[in-house]
Amino acid sequence: MADNILDAFKEDQRKTVIDTNRKMRIGIIGTGWIADAHIKSYLNQPDVEIVAGADLIPGKAAAFFARHGVEGVKTDYASHKEMLDDESLQLDAVSVCTYNRQHAAPAIYALNKGVNVLLEKPFTVTTEEAIEVMRAERASGKVLSIGFQPRLDANMQKIKEIVESGELGKIYYIQTGGGRRRGIPTPFGTTFIEDETAGLGALADIGCYSLDMVLNAIGYPKPLTVSGYKSAFFGTDPNYCNYVKTGHPEYAAKFGVDDFAAAFIRLEGDIVVDFRISWAMNMDTAGDTLILGTKGGLRIPSTECWNGTVGGPMKVYHEIAGSQVCTEIPIITAKGPSLFDRKIRSFLDACKNGTKAPVPSDQILYNQAILDGIAKSAALGREIAIEIPEI
């Protein structure tokens, strides 16, 4: 019996058998920084054939595939429409790796063409855009998965297991967020920081991850209201250290998004979320994530630069026989494929098997509605109701 119990906690080492007789024909839309991670993971899959790429900048897609040593890829497309209209490609799926404000259009067009879509995070910039993407998804019957690879981390999954175990009781308060002391992502140009390309800054770039960590754990209850705040004190300062180091103080004039955001969010089920996120601030952390319940509390250590996992062993604070105790949850060491490889593999499996998207849009819609609500509330300077249109 003891051996059986121990076996239940061992990682399943059996490898999934992948049918390599059926190759998935993949296109990549947008060949900027995040596309590097996509192509590397696709190249690790034995049942993938990368056949096309599109980018708005002439020659960029061709250079991208050459850099990764991928030959025979059609790249003479000036837009996602041209690529998806080329019937000779017969694409099975696309990765949408464009900047934030261009997430919705190619995703909708691909779904309307009957092509499965892996859409990088954040879902979109506005709730209304996310709804339009989901309408196309439902009409097409194809797989739409959103790029939240931290969900596949065993430590993240443990958070959900702890909540679902009932050990914490009824959840009533969550503190979450994170960020960086200095970390505005300008080494990748200005698409992350200009409003016309990004739309949202730290709020969407890493804030979507920290929200998903806790919302997924508690079953993604519907958001009701939000009081949000945004600032850009560092991004608009030409003396910001990263600008000076990279020799681009002129980026300050282009900065049109947030480098810090905070919010107080009310969810269905009488749960409140105290949220803060940062690309730059005068602090090394915005604090640990706390999930408080009527029977216990969970502390999730922060990381120096929020990277989709936890910063150390988690702790559950609870009572046993009238004594207040603390149980430490050991860090689970990752084995096997990287999180990004798991993201790509789970997406491909859903496409091939006709199963549910690994990160479904109907959950991330609530994530997006909160991000959008924070931005709208911050602009108005008051609490607002979160309105989610019918799909």
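Residues: numbered from 1 along the sequence shown.
- Residue Leu118 is grouped with residue Leu43 when hydrophobic side chains (ILVMFWY) are merged at heavy-atom distances under 4.5 angstrom, including chains of intermediate members.
- The CD1 atom of Ile300 sits 8.5 Å away from the CD1 atom of Ile174 when rounded to the nearest 0.5 Å.
- A pairwise comparison of heavy atoms in Cys208 and Phe148 identifies O-CE2, 3.3 Å as the closest pair.
- Placement of Ile370 and Tyr172 in two distinct hydrophobic clusters is found when ILVMFWY residues are connected by side-chain heavy-atom separations under 4.5 Å, directly or transitively.
- A donor-acceptor contact shorter than 3.5 Å is absent between the side chain of Ser302 and the backbone of Thr285.
- The aromatic ring centres of His103 and Phe123 sit 6.0 Å or more apart.
- Interatomic distance, Leu298 CG to His318 NE2, rounded to the nearest 0.5 Å: 10.5 Å.
- Between the Lys170 side chain and the Gly269 main chain, a donor and an acceptor come within less than 3.5 Å of each other.
- Between Phe233 and Phe260, the distance from one ring center to the other does not fall under 6.0 angstrom.
- Here the CD atom belonging to Glu129 is positioned 3.5 Å from the OG1 atom belonging to Thr126, to the nearest 0.5 angstrom.
- Checking Phe340, Phe64, Phe65 one by one against His38, the ring-ring contact (aromatic ring centres under 6.0 Å, His included) holds for a single residue, Phe340.
- Of the N and O atoms on the side chains of Thr31 and Asp55, at least one donor lies less than 3.5 Å from an acceptor on the other residue.
- Between the side chain of Arg182 and the main chain of Met281, a donor-acceptor pair closer than 3.5 Å is present.
- In this structure the side chain of Phe275 never reaches within 4.5 angstrom of the side chain of Val214, judged on heavy atoms.
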Check step by step if side-chain hydrogen bond (donor to acceptor under 3.5 Å, both in side chains) holds for Thr197 and Thr191.
CA-CA 5 Å; Thr197 51; Thr191 54; 5.4 Å; no
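- Residue Ala217 comes nearest to Val163 through the heavy atom pair O-CG1, 3.5 Å, listed as atom of the first residue, atom of the second, then distance.
- Between the side chain of Glu82 and the backbone N or O of Ala78, at least one donor-acceptor pair lies under 3.5 Å.
- Across all non-hydrogen atoms, the minimal contact from Ile184 to Ile193 is CG2-CG2, 3.8 Å.
- Between the side chains of Glu137 and Ser361, a donor-acceptor pair is found at a separation under 3.5 Å.
- A distance-only check finds a donor-acceptor pair linking the side chain of Asn100 to the backbone of Ala198 [under 3.5 Å].
- Panel note: side chain Glu167, backbone Gly296; no donor-acceptor pair is recorded below 3.5 Å.
- In plain terms, the two heavy atoms of Ile34 and Cys97 that are nearest each other are CG2-CB, 3.7 Å.
- Applying the 6.0 Å contact sphere to NZ of Lys60 captures more than 12 heavy atoms from other residues, nucleotides or ligands.
- With values rounded to the nearest 0.5 angstrom, Thr176 atom OG1 is found 10.5 Å from Asp212 atom CG.
- Side chain of Ser377 to main chain of Gly373: no donor-acceptor pair is present (N/O by atom type, distance under 3.5 Å, no hydrogens or angles).
- Nearest heavy atoms, Ala202 versus Asp259: CB-O, 4.0 Å.
- For the pair Gln149 and Tyr209, the minimum side-chain heavy-atom distance is below 4.5 Å.
- In this structure a side-chain-to-backbone donor-acceptor pair under 3.5 Å is missing from Asp258 to Lys230.
- The shortest side-chain heavy-atom distance between Met156 and Lys160 does not fall under the 4.5 Å cut-off.
- Using a 4.0 Å cut-off between charged nitrogen and carboxylate oxygen, Asp36 and Lys40 do not count as a salt-bridge pair.
- Sorted by first then second residue, the salt bridge (Lys or Arg N to Asp or Glu O under 4.0 Å) pairs that include residues 95-124, not counting sequence neighbours, are Asp85-Lys113, Glu87-Lys113, Arg101-Asp195, Glu120-Lys343, Lys121-Asp205.
- Between the side chain of Asn155 and the backbone N or O of Ile331, no donor-acceptor pair lies under 3.5 Å.
- Asp86 and Ser88 are linked by a side-chain donor-acceptor pair at a separation below 3.5 angstrom, with hydrogens and angles left out of the test.
- With respect to the salt-bridge test (charged N to carboxylate O, under 4.0 angstrom), the residues Arg22 and Asp47 do not qualify.
- Within the 4.5 Å cutoff, no side-chain heavy atoms of Leu371 are placed close to those of Tyr366.
- In terms of modelled atom types and a separation under 3.5 Å, the side chain of Gln368 and the main chain of Val125 share a donor-acceptor contact.
- Hydrophobic clustering of Ile, Leu, Val, Met, Phe, Trp and Tyr side chains at less than 4.5 Å, counting indirect connections, keeps Tyr99 apart from Tyr109.
- Between Ala350 and Ala357 the shortest heavy-atom distance is CB-CA, 4.5 Å.
- Counting non-hydrogen atoms of neighbouring residues, nucleotides and ligands closer than 6.0 angstrom, the CD atom of Glu71 reaches no more than 12 such neighbours.
- Leu267 pairs with exactly one of Val273, Leu224, Val272 by the side chain to side chain contact (heavy atoms under 4.5 Å, CB included) rule, that one being Val273.
- Using a cutoff of 4.0 Å between basic side-chain nitrogens and carboxylate oxygens, Lys376 and Glu128 are scored as salt-bridged.
- Side chains of Val48 and Lys23 form no contact here, defined as non-hydrogen atoms less than 4.5 Å apart.
- Expressed to the nearest 0.5 Å, how far CD1 of Ile162 lies from CD1 of Ile291 amounts to 8.0 Å.
- Counting non-hydrogen atoms of other residues, nucleotides and ligands closer than 6.0 Å to CZ of Arg135 gives a total above 12.
- No hydrogens or angles considered: a donor-acceptor pair under 3.5 Å links the side chains of Ser95 and Tyr42.
- Contact of the Thr127 side chain with the Pro389 side chain is registered, since non-hydrogen atoms from C-beta on lie closer than 4.5 Å.
- Here Arg181 does not pair with Asp284 in a salt bridge; the nearest charged N to carboxylate O distance is not below 4.0 Å.
- For Glu49 and Arg25, the salt-bridge test passes: some basic side-chain N is under 4.0 Å from an acidic carboxylate O.
- The local environment of CG in Asp270 is sparse, with at most 12 non-hydrogen atoms from other residues, nucleotides or ligands closer than 6.0 Å.
- Follow the hydrophobic side-chain contacts under 4.5 Å out from Ile39 and you never reach Leu56; the two are in separate clusters.
- A salt bridge does not link Lys254 with Glu250: every distance from a Lys NZ or Arg NE/NH1/NH2 to an Asp or Glu carboxylate oxygen is 4.0 Å or more.
- Looking only at side-chain heavy atoms (C-beta outward), Val94 and Ile28 stay at 4.5 Å or farther from each other.
- Side-chain contact check for Thr186 versus His248: every heavy-atom pair is 4.5 Å or farther apart.
- Here Asn367 contributes atom CG and Asp372 contributes atom CG; the two are 11.5 Å apart, rounded to the nearest 0.5 Å.
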Should Arg345 and Asp349 be marked as a salt bridge (charged side-chain N to carboxylate O under 4.0 Å, His left out) after you check the CA-CA gap, both sets of side-chain angles, and the distance that decides it?
CA-CA 6 Å; Arg345 185 68 253 165; Asp349 288 343; 2.8 Å; yes
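- A salt bridge is defined here as a Lys NZ or Arg NE, NH1 or NH2 lying under 4.0 Å from an Asp or Glu carboxylate O, and Asp19 with Lys352 fails to meet this definition.
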Worked check of side-chain hydrogen bond (donor to acceptor under 3.5 Å, both in side chains) between Arg151 and Gln363:
CA-CA 13 Å; Arg151 278 219 194 167; Gln363 291 182 352; 2.6 Å; yes
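- Connection of Val244 to Phe192 is not established within any shared hydrophobic cluster, with ILVMFWY side chains joined at heavy-atom distances below 4.5 Å, either directly or through further cluster members.
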